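Single-structure report; data block below.
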Amino acid sequence: MVNGICGNDNDRLAMVVFENKFLVLQKDQNVDGKFKVVDILPDKLVVYSNLEKRRRLFLVEEK
């Protein structure tokens with residue numbers, strides 16, 4: 001779940017909950033060999049899933 005995204009076009013961070021852990025992610029970061037952060041856009045997170053061998057898109061969770 002993507003809780004929020006902050007920053008600008010040059011440097012963005014995404015706050016997510018993954019496997020019941022709160023993580024702050026940055027572009028090109030690998031997470032436990034499970035996925036890699038491909039891009040962080042103003043309203044979505046793009047990751048590459050190592051298990052599925054494909055890109056996945058996650059929108060910021062509206063509250």
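Everything numeric in this text was worked out from a predicted model, so none of it was measured.
L41 and D39 make their closest contact through CD2-OD2, 3.4 Å (heavy atoms, listed as atom of the first residue, atom of the second, distance). What you find for N50 and F35 is that their closest heavy atoms are ND2-N, 3.8 Å. Closest approach of K44 to V60, counting heavy atoms only: N-CG2, 4.3 Å. Contact between V2 and L59 at its shortest, heavy atoms only, is CB-O, 3.7 Å. Contact detail for I40 and L25: the closest heavy-atom pair is CD1-O, 3.6 Å.
How far CG of N3 is from CG of L23: 10.5 Å, rounded to the nearest 0.5 Å. The structure places NZ of K36 at 9.5 Å from NZ of K27, a figure rounded to the nearest 0.5 Å. Between the CZ atom in R56 and the OH atom in Y48 there is a gap of 12.5 Å [rounded to 0.5 Å].
In this structure, D32 contributes its side chain and K34 its backbone to no donor-acceptor pair below 3.5 Å.
Under the 4.5 Å side-chain heavy-atom criterion for ILVMFWY residues, a single connected hydrophobic cluster contains both F18 and I5.
In this view, D9 and R12 satisfy the side-chain hydrogen bond (donor to acceptor under 3.5 Å, both in side chains) rule, not counting sequence neighbours.
Taking the side chain as every heavy atom from C-beta outward, V38 and V47 never approach each other to under 4.5 Å.
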